[in-house]
Structures are given as C-alpha cells and as structure tokens.
Amino acid sequence: MTEVVRLDDPLVVGAGVAGLTVALALPRATVLVPDERGSTWWAQGGIAVAMAEGDDPGLHAADTLEVAGGLAAEEAVGILTEGGPEAVERLMALGAAFDTDEDGVLLWGQEAGHSRRRILHADGDATGAEVMRTLTAAVGSSETVTQMLGWKAIDLVQEGSRVVGAVISDSRGRRQVVLAPGVVLATGGIGRLYSRTTNPEGVTGDGIAMAARLGARLADMEFVQFHPTALAGGKDPLPLLTEALRGEGAILVDAHGRRFMVSQHRDAELAPRDVVARAIWWQLDKGAGAYLDATSIGNFPERFPTVFAHSLSMGLDPRAGPLPVSPAAHYFMGGIDTGPEGRSSIDGLWAVGECASNGVHGANRLASNSLLEGLVFGARTALDVSQSGPVPGSGPYRVPIDALDLPLRPGPALEELRQLMWERVGLVRIGNGLWDARNQLLELDSVLRRSVAGRVAADVARFIIPAALRRSESRGGHYRADYPDPDPLQAERMMVEPAVAEMVSL
C-alpha cells in the first residue's frame, strides 16, 4: 500500500534557482530536493540585469527581443527586464556576493547579444554556485519552507481535472503520494536527451513529461539552444566554456589558427548563440576543427577558475594554447505553456524556469537571461499560487497507470536515443533526418517505457521531433538545412495539446 501524505501548503518540485525562489516567496511551502544537483549549480555565465550606469531595462528588453527570432512575448520580456534589478537586489540582501573591483563597485561583464556590459558574475565563472549557495542557505534557515531531501516527483495526481499532488520517489524507488493545494514544477530543461550536453544528470525534462501526460498544453518544443563552446573530449556532461571568455577577448579559430567567425557575422565571436554554434558545427562537419583561443586573457586561473580546473583535468592549459570546442545541448526554450504568473493550462499546476515556456526567450535565449528568469518569474509565480486553489478533497485520485511501480533506471536504449537526437535533431536539421528520428523513436518506444527515465525521454522526444518537422523554416535555435530562411508566415509560437495518458485510480 503506497503511503499518502497530505500537505497544507503548496508543493514545489525542483530545487534550482526557480524552485527555491518560489519556495522562499510563498507564505509556506514544501520543496522536493532530489539527490542530483540541477543546472543552476553548474551555471558559469552570470546574471544579465540592467543596473549599471548607462543601462536601463528598455535597452535590456530590446536586446532580448533582437535575438529571439521574432517570437518573444513582449509582455514577458518587459516583466523580466523591469523586474530584474529588484530581483537581484533581493538576492544580494540574502547574502549573494558578486564580483567587485578593489573599491567594492560591481564589475559588469560583456556577453554575446548584449549592447551593454550588464552581466554580473561571482567568482569569475561560478555564478550559479553562488546563487545556489545563497538560496540553499536561505531555505535551510527558513521557518516557512519544509524540505523533502532525496525525493523527486515522477508523476502528478489529479482529483477531477485539477492537479492535487504528485507521486514521488527516492533513489531506491520507494514511492509516496503527496497531496497538496497546488503544485509548482521547477524541474529544469531537457539537455540530457542529447549525447552532447552541458547539463548534469537529472536534467531530463521530467516536469514537461509529467504535465504532458495529463494533457497540459506545451509550447515551442522545437527550440533547443546549443551552447557554442563546450570543451570537447570524453566527458559527459561536456564542461562548459563560458561565453564570458569571448566577452573578454577569446576568439574562435580553426586547426590552422585562423579566425572563422569574422566572415560569419558582424559581431564575430559575440554573435547570437545560435549563429556561433552552427558556425562551429560546420567547422567540425567539414573537418576544419574549432578551437577557443583564450591566451590573450590575463590572470586566467583567478578570473575563470572553473574553466581552468576543467581544462587541467583534461590535460589542457588555456594559457598555453587554444581549447578544442564543440556545441552542446544547453538550454530549452520550449516547455509547459504558461502565462507570466506561471499558470499552466491545467488547474492546480504551475511551471516556472526552464521547464516552462512563457515566451520570454522566443526562438533563442539571450545569454545570461536564464538565472534572471528564475528569480523574476519565481517570485511572480509564488504570488499567484498563494492566491489560488482549494485544499484537495476526499478523492477519488488518479495517476498515470505506471506511476506506482515502474523502475527508475533506464537501459541502453536511452543512450541510443541520446545519440539519435544529437545526430538527427541537433543543431542542423533536415526533413529526411527528422523522419528517420521519428521512425527510430517508434522502434525504441516500448523498450524506453520500461523505466521512469526512459519513459520521460520518449515522451519529450515525441514532442520535439514532430515540432521540428512542422516548422518548415529556420528561426533562432531551430535550423532546417532544407528550409534555411525564416518564413514570415510562420512567425508565431507553436502550441501542442498532448493526449492524456491512460490513468488509474489510487
């Protein structure tokens, strides 16, 4: 008999920047903290915020819209950039320490797509770790937040048409049913669906898959952002080489030491991420090689200690020569369709952060807007959750049919799917390759669904691949070699209404 736990406060699923921001902003909350550290801990890039002299939120909004491929929601962008300074000040009030000069004045970095130096960093290239240190400490000392350590959600519970909780599991596969007056998904992106990724274990699209199984509307599922510069080698995930390196003068060169971005875009190495990533992909595809030359950057170990440590671990020294690079799946612009308050299309369910798609990034995210998104929209979502929702009644409660007994761990079919997604649904897509990916996914589907992790991967892939097929143009993070130009008639967001999975009563 599965244990049932009833909460009086909302359940927050996920403990990254978005989830912990929601939990701290609610009057009371319970947050699931899985064993795996999510993407926020790994974030090297900083927080983009219009607080420096000569900058303002309007300029930040203009830059965000400029790189978004015409699909960003202007209201959401305005909320992000206008709310950015207050959100960062709240974080600093909690104790977050950002890099300053010898007089204590904040240092502002430059990154691709930004018209101003507006990027805050901590410890050079460990901003995400500092954000998480701050939020984790605040949650740990909070009297209003309860943490369930070592637990993750694997499915959602419904009473009628409303979400009223989740089925959760620990690392040994023990299950509980947790009932709550509202559920906030802050489970991150889908990067582990690709064989080359900067995302750690656990970033598999769980929240998106859970919501889709109940029929929640999804949006922008074709838009995957590939970071241009991951350190190429045998590691999984690939170590990230932060965009701040290029902001401080690092250049991209081929195997003969020749720069190749100058001919690709007027901003060369500081072109939007999708442009730089595809240029590197083409370099590698034709065998010309791609390397990041950061030898001009002084005091490298002090300025970029995380990158320096990663490089040394692979026998490389960025002070002595260029580093081999590859694009890697990094961020997801798609996800659960929400408004600016985080509400999904299903009563009782909210989503925030990378698992949500509120239109703030459009077809391509501006560098260092993701941490800011979690801070700004996390607080807004918490306010909406606190003003909504009855406590669950007496049932009956329903869950997807495999929720209570499916094993957690995947088999080798998941690695086969990850390679398929990289080769056929990666940076450069083509119709025949996407159809091939669809057909191979159908062959793998039944095997994948023998585990929780495999089922998540199958669910997410079966939305990304058709979305990439339907968008017969190139825009932002979605590039079709057979349709290389944008089509004005397709300049709109694409919504998906998934079919509801087979359900069973508890």
* **From CA spacing to verdict: side-chain hydrogen bond (donor to acceptor under 3.5 Å, both in side chains), Arg493, Ser357** => CA-CA 10 Å; Arg493 302 178 67 203; Ser357 184; 3.0 Å; yes
* To do: Determine, stepwise, if the pair Ser345 / Asp337 fulfils side-chain contact (heavy atoms from CB on, under 4.5 Å).
  => CA-CA 7 Å; Ser345 61; Asp337 180 46; 6.0 Å; no
* Trace of the side-chain contact (heavy atoms from CB on, under 4.5 Å) decision for Leu20 with Gln147 -> CA-CA 10 Å; Leu20 295 189; Gln147 299 183 75; 5.8 Å; no
* Let me see the working for Arg418 and Leu420 under side-chain contact (heavy atoms from CB on, under 4.5 Å), right down to the final yes or no. => CA-CA 5 Å; Arg418 292 182 69 203; Leu420 174 66; over 6 Å; no
* Show the numbers, then the answer: is there a side-chain contact (heavy atoms from CB on, under 4.5 Å) between Leu120 and Trp108? => CA-CA 6 Å; Leu120 285 176; Trp108 299 96; 3.5 Å; yes
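One finds the CG atom of Leu441 at 10.5 Å from the CD atom of Glu416 (value rounded to the nearest 0.5 Å). A distance of 10.5 Å separates CG of Leu32 from NZ of Lys152, quoted to the nearest 0.5 Å. Residue Leu65 holds its CG atom at 11.0 Å from CG of Leu71, rounded to the nearest 0.5 Å. Leu375 contributes atom CG, which lies 4.5 Å from atom OG1 of Thr21 (distance to the nearest 0.5 angstrom). To the nearest 0.5 Å, atoms CZ (Arg365) and OG (Ser368) are separated by 7.0 Å. Taking CD1 of Ile47 as the reference point, atom OG1 of Thr127 lies at 7.0 Å (rounded to 0.5 Å).
Under the 30°/60° scheme for interplanar angles, the aromatic rings of Phe223 and His478 are found to stand perpendicular.
The pair Arg118-Asp63 counts as a salt bridge, with a side-chain nitrogen and a carboxylate oxygen less than 4.0 angstrom apart. No salt bridge links Asp384 with Arg380; every basic N to acidic carboxylate O contact stays at or beyond 4.0 Å. Ionic pairing of Arg175 and Asp405 is not present here: no N-O contact between side-chain nitrogen and carboxylate oxygen is shorter than 4.0 angstrom. Ionic pairing of Asp155 and Arg398 is not present here: no N-O contact between side-chain nitrogen and carboxylate oxygen is shorter than 4.0 angstrom. A salt bridge is absent between Arg28 and Asp8: the closest approach of a Lys/Arg side-chain nitrogen to an acidic carboxylate oxygen does not fall below 4.0 angstrom. Ion pairing between Arg133 and Asp123 fails under the 4.0 Å rule for side-chain N and carboxylate O.
The side chain to side chain donor-acceptor pair (under 3.5 Å) contacts involving residues 327-336 comprise Thr198-His330, Tyr331-His361, Tyr331-Glu373, where partners must be two or more places apart or lie in separate chains. For residues 30-40, there are no salt bridge (charged side-chain N to carboxylate O under 4.0 Å, His left out) pairs, not counting sequence neighbours.
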Would you mind writing out the side-chain donor-acceptor pairs for residues 238-245 within the sub-3.5 Å range, not counting sequence neighbours?
{"unit_1": "Thr242", "atom_1": "OG1", "unit_2": "Ala244", "atom_2": "N", "d": "3.2"}
{"unit_1": "Glu243", "atom_1": "OE1", "unit_2": "Arg246", "atom_2": "NH2", "d": "3.4"}
{"unit_1": "Glu243", "atom_1": "OE1", "unit_2": "Arg273", "atom_2": "NE", "d": "2.7"}
{"unit_1": "Glu243", "atom_1": "OE2", "unit_2": "Ala112", "atom_2": "N", "d": "3.2"}

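Counted within 6.0 Å of CD on Gln419, heavy atoms from surrounding residues, nucleotides or ligands total more than 12; the atom is thus considered enclosed. Residue-environment remark: CZ (Arg409) stays at or below the threshold of 12 foreign heavy atoms within 6.0 Å.
At distances below 3.5 Å, not a single donor-acceptor pair connects side-chain atoms of Thr134 with backbone N or O atoms of Leu94. With hydrogens and angles disregarded, no donor-acceptor distance shorter than 3.5 Å links the side chain of Ser326 to the backbone of Ala232. Side-chain atoms of Asp125 come within 3.5 Å of backbone N or O of Thr306 as a donor-acceptor pair. At least one donor-acceptor pair under 3.5 Å links the side chain of Asp99 to the backbone N or O of Gly124. With hydrogens and angles ignored, the 3.5 Å screen pairs a side-chain donor or acceptor of Ser313 with a backbone N or O of His310. A distance-only check finds no donor-acceptor pair linking the side chain of Ser142 to the backbone of Ala138 [under 3.5 Å].
You'll find the ring centres of Phe300 and Phe304 inside the 6.0 Å limit.
Of the residues listed (Met503, Met210, Gln158), the one engaging Pro400 in a side chain to side chain contact (heavy atoms under 4.5 Å, CB included) is Met503, and it is the only one. If you run side chain to side chain contact (heavy atoms under 4.5 Å, CB included) between Leu11 and each of Thr30, Val31, Leu185, only Thr30 comes through.
When only modelled atom types and interatomic distance are considered, Asp274 and Gln225 share no side-chain donor-acceptor pair under 3.5 Å.
No side-chain heavy atom of Asp206 sits under 4.5 Å from any side-chain heavy atom of Ile154. In this structure, the side chains of Ile208 and Phe463 stay at 4.5 Å or more apart for every pair of heavy atoms.
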